[in-house]
Amino acid sequence: MQLEDYLRQHAEETPDRTAVICDGETISYAALYQRVQARAATLPQGQVVVFRSSQTVDFLVTYFAIHLAGSVAAPLERDTPEPLFQEITASLTGSELPPGSADILYTTGTTGRSKGVIISHRTILADAENLIAGQGFSRDLVFIINGPLNHIGSLSKLFPVVMLGATLYLLNGMRDLNAFFDALDYPAPKMATFFVPATIRMLLQFAPERLASYADKLDFIESGAAPLAHADMLRLCELLPHTRLYNTYASTETGIIATYNFNDGQCLQGCLGRPMPHSRLVITSEGLIACQGDTLMTGYVNDPELTATILHDDTIFTADMGHIDEEGRLRLEGRQGDVINVGGYKVAPTEVEDAALSLPQVNDCICIAVDHPLTGQALKLLVVTPEGQPFDKRQIARALKAQLETYKVPLLYEQVEKIQRTYNGKINRKYYQNRS
């Protein structure tokens with residue numbers, strides 16, 4: 001079975017059922033599959049097809065049609081420069097891919113060069129079944145996708161929706177909050193969506209009451225791609241008391257691994273829940289998270305040596321640090337490469353950032369390392385303050401001292417206009433490397 005087999009099945013058995021809503025257009029499963037078939041007839045067979053992503057019906061048609069034609073889909077960001085687009089196309093031409101390959105997804109490259117990750121059809125279905133079991137996707141659900149469909153965070157939501165015959169509602173990003181709330185007005189009994197943490201923070205800052213007005217209609221919200229500040233978790237639980245709110249552990253390389261509904265009365269910081277049916281977790285002797293199961297990537301395209309550095313023995317060894325608690329839940333402790341050594345003390349910058357984001361004086365922030373003559377490295381906090389509010393670094397430092405051990409409190413502070421983030425909302429730590 002491929003995902004497209006489910007699409008065909010719904011087109012035959014429930015042809016009038018709504019598959020997609022986008023830009024005021026409503027498309028049935030029968031109409032969608034007809035367009036997919038027509039597009040597939042125009043595509044090459046058994047090749048890699050490189051194309052630009054977009055949050056449109058045409059993207060869905062192209063994506064499914066490539067698979068239906070027996071080819072592999074390689075969606076790139078829509079604003080990929082033409083020279084890079086041609087370079088990637090040339091590098092993939094004639095590539096020998098393992099049987100069953102479905103997609104090549106390029107990582108955002110925040111910690112190094114962008115890599116092409118090979119995803120199989122088996123992985124797509126395993127991800128779908130994991131999400132259905134872990135988050136309660138159902139056929140009567142309308143799922144709003146607002147993020148880029150060339151990244152696993154949003155793309156993976158196609159999988160359970162199409163498998164079940166539910167409905168997708170496509171939005172072109174979240175810059176227009178009115179468009180998002182208009183989508184929530186769609187006449188459906190249950191709606192859900194996926195947000196990166198930066199989007200959640202934006203909603204909590206600019207439209208908390210409006211979000212709360214949909215408390216009885218939002219079945220669940222999933223967050224992923226980056227750590228969610230504990231203060232934002234608590235505020236979201238307050239606004240949406242009956243909505244399931246999920247933190248998910250996933251990546252392009254590992255697939256969808258574990259999830260945790262933090263609106264469970266405990267709201268555990270750093271908790272990512274138990275492994276889903278097709279996944280298993282192992283903590284290495286170094287305290288790093290390793291993943292097993294059917295959701296893993298096949299490898300990096302045209303780079304077996306790089307693949308072997310993280311994928312061997314049917315296990316992907318990540319750079320994420322964590323442990324399994326007494327309830328069998330994954331607890332994230334930071335990322336190995338991000339840890340800052342301050343005079344022999346190890347500091348996870350995410351812990352400092354989480355504490356800072358709980359302060360009313362901080363809208364956004366990043367904790368970085370700078371050189372120091374005595375300790376080797378020191379912590380510096382770059383801060384975005386609320387509009388019209390003065391920047392008071394002493395006040396911020398005092399507030400952090402009340403929450404953190406002394407060695408985790410930044411020595412230096414700087415006000416900035418914005419924090420650099422990738423297209424899908426992650427802090428772009430690579431941008432701040434070697435910054436003093």
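Side-chain atoms are counted along with the backbone in the values below, which use heavy atoms only and exclude waters and symmetry mates.
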Taking atom CG of Asp58 as the centre, does the number of heavy atoms from other residues, nucleotides or ligands within less than 6.0 Å exceed 12? yes
Between Phe195 and Phe180, does the ring centroid distance fall short of 6.0 Å? yes
Has Tyr407 got more than 12 heavy atoms of other residues, nucleotides or ligands less than 6.0 Å from its OH? yes
I'd like to check Pro390 versus Thr385 (side-chain heavy atoms, cut-off strictly below 4.5 Å). Are they in contact? no
Tell me, yes or no, whether the heavy-atom count around Glu82 atom CD, taken from other residues, nucleotides or ligands under 6.0 Å, exceeds 12. yes
Taking the side chain from Asp127 and the backbone from Gly255, do they hold a donor-acceptor pair closer than 3.5 Å? no
Counting only heavy atoms from other residues, nucleotides and ligands, does the tally under 6.0 Å from NZ of Lys190 exceed 12? yes
Got a second to check how far Lys217's NZ is from Thr243's OG1, nearest 0.5 Å? 12.5 Å
Gap between atom CG of Asp320 and atom CD1 of Ile289 - 0.5 Å precision: 5.0 Å
If the plane angle is over 60° it's perpendicular, under 30° parallel, otherwise tilted; pick one for Tyr246 and Phe220. perpendicular
Do Ser95 and Asn302 pair up side chain to side chain, a donor and an acceptor below 3.5 Å, judged on atom types alone? yes
Is the backbone N or O of Gln135 less than 3.5 Å from a side-chain atom of Arg244, with the two atoms forming a donor-acceptor pair by type? yes
Is the shortest side-chain N to carboxylate O distance from Asp364 to Lys418 below 4.0 Å? no
Does the Ser358 side chain pair with the main chain of Ala231, one donor and one acceptor, at a distance under 3.5 Å? no
Pair Phe194 and Phe143, ring centroids less than 6.0 Å apart: no
Closest non-hydrogen atoms of Leu168 and Lys157, given as atom of the first, atom of the second and distance, are CD2-O, 4.3 Å
Can you confirm whether Thr318 sits close enough to Ile310 that some side-chain heavy atom of one is under 4.5 Å from a side-chain heavy atom of the other? no
Does either side chain, that of Asp392 or that of Gln361, offer a donor lying less than 3.5 Å from an acceptor on the other one? no
Aromatic contact between Tyr214 and Phe181, with the criterion being ring centroids under 6.0 Å apart: yes or no? yes
Any donor-acceptor pair under 3.5 Å from Ser101 side chain to Ile118 backbone: no
N/O donor-acceptor pair under 3.5 Å between His372 side chain and Leu374 backbone: yes
Run the side-chain contact (heavy atoms from CB on, under 4.5 Å) test on Leu105 and Asn150 for me, step by step, so that the C-alpha distance in whole Å, both residues' side-chain angles and the decisive distance to 0.1 Å come before the verdict. CA-CA 7 Å; Leu105 303 180; Asn150 58 306; 5.6 Å; no
For the residue pair His67 and Asp103, confirm or rule out a side-chain donor-acceptor distance under 3.5 Å. yes
Taking all atoms of both residues into account, what is the closest heavy-atom pair of Leu240 and Asn263, and its distance? O-ND2, 2.8 Å
Is there a side-chain contact between Val117 and Thr107 (heavy atoms, below 4.5 Å)? yes
Would you say the side chain of Asp219 lies within less than 4.5 Å of the side chain of Met191, judging by non-hydrogen atoms? no
Using a 4.5 Å cut-off on heavy atoms from C-beta on, say whether the side chain of Tyr106 contacts that of Pro75. no
Report the distance from atom CG of Leu330 to atom CG of Asp325, rounding to the nearest 0.5 Å. 8.5 Å
Does the pair Ile119 and Thr298 meet the rule for a side-chain contact (heavy atoms from CB on, under 4.5 Å), with working shown? CA-CA 6 Å; Ile119 304 297; Thr298 307; over 6 Å; no
Gap separating the SG atom of Cys367 from the OH atom of Tyr413, nearest 0.5 angstrom: 9.0 Å
Closest non-hydrogen contact found for Leu3 with Leu158 is CD2-O, 4.4 Å
Verdict with supporting geometry, Ser279 and Asn130, side-chain hydrogen bond (donor to acceptor under 3.5 Å, both in side chains): CA-CA 8 Å; Ser279 303; Asn130 269 2; 3.0 Å; yes
Between Leu97 and Ile104, is there a side-chain heavy-atom distance shorter than 4.5 Å? yes
Sole candidate of Thr248, Asn261, Asn247, Thr259 that passes side-chain hydrogen bond (donor to acceptor under 3.5 Å, both in side chains) when paired with Glu222: Thr248
What distance do Ile283 atom CD1 and Ser285 atom OG have between them, rounded to the nearest 0.5 Å? 11.0 Å
Can you give me the closest heavy-atom contact between Tyr6 and Val162, atom names plus distance? CB-O, 3.8 Å
Without swapping roles, check the side chain of Gln55 against the backbone of Leu171 for a donor-acceptor pair under 3.5 Å. yes
For Cys267 and Tyr260, work out which heavy atoms get closest and say how close. N-OH, 3.6 Å
From CZ (Arg52) to CD (Glu77), nearest 0.5 Å: 11.0 Å
Which heavy atom of Val20 sits nearest a heavy atom of Leu60, and at what distance? CG2-CD1, 3.6 Å
Measure the shortest side-chain to side-chain distance between Met233 and Leu245 over non-hydrogen atoms and say whether it is less than 4.5 angstrom. no
Answer yes or no: is there an ion pair linking Arg429 with Asp338, defined by an N-O contact shorter than 4.0 Å? yes
Apply side-chain contact (heavy atoms from CB on, under 4.5 Å) to residues Val370 and Gln377 and explain how you reach the verdict. CA-CA 5 Å; Val370 294; Gln377 289 184 313; over 6 Å; no
Does the Arg201 side chain pair with the main chain of Asn363, one donor and one acceptor, at a distance under 3.5 Å? yes
Looking only at atom types and distance, does a side-chain atom of Ser71 sit under 3.5 Å from a main-chain N or O of Val48, one as donor and one as acceptor? no
More than 12 heavy atoms of other residues, nucleotides or ligands under 6.0 Å from CD of Glu405: yes or no? yes
Minimum side-chain heavy-atom gap Phe262-Cys237 below 4.5 Å: yes
If we ignore hydrogens and angles and just use 3.5 Å, is the side chain of Thr89 paired with the main-chain N or O of Phe85 as donor and acceptor? yes
Stepwise side-chain contact (heavy atoms from CB on, under 4.5 Å) check, Asn146 with Thr193: CA-CA 8 Å; Asn146 55 73; Thr193 192; 3.3 Å; yes
Which residue pairs pass the side-chain hydrogen bond (donor to acceptor under 3.5 Å, both in side chains) test with at least one member in residues 304-317, sequence neighbours excluded? Gln292-Thr315
Is the number of heavy atoms from other residues, nucleotides or ligands within 6.0 Å of CG (Asp185) greater than 12? yes
Determine whether the aromatic ring centres of residues Tyr63 and Phe51 are separated by less than 6.0 angstrom. no
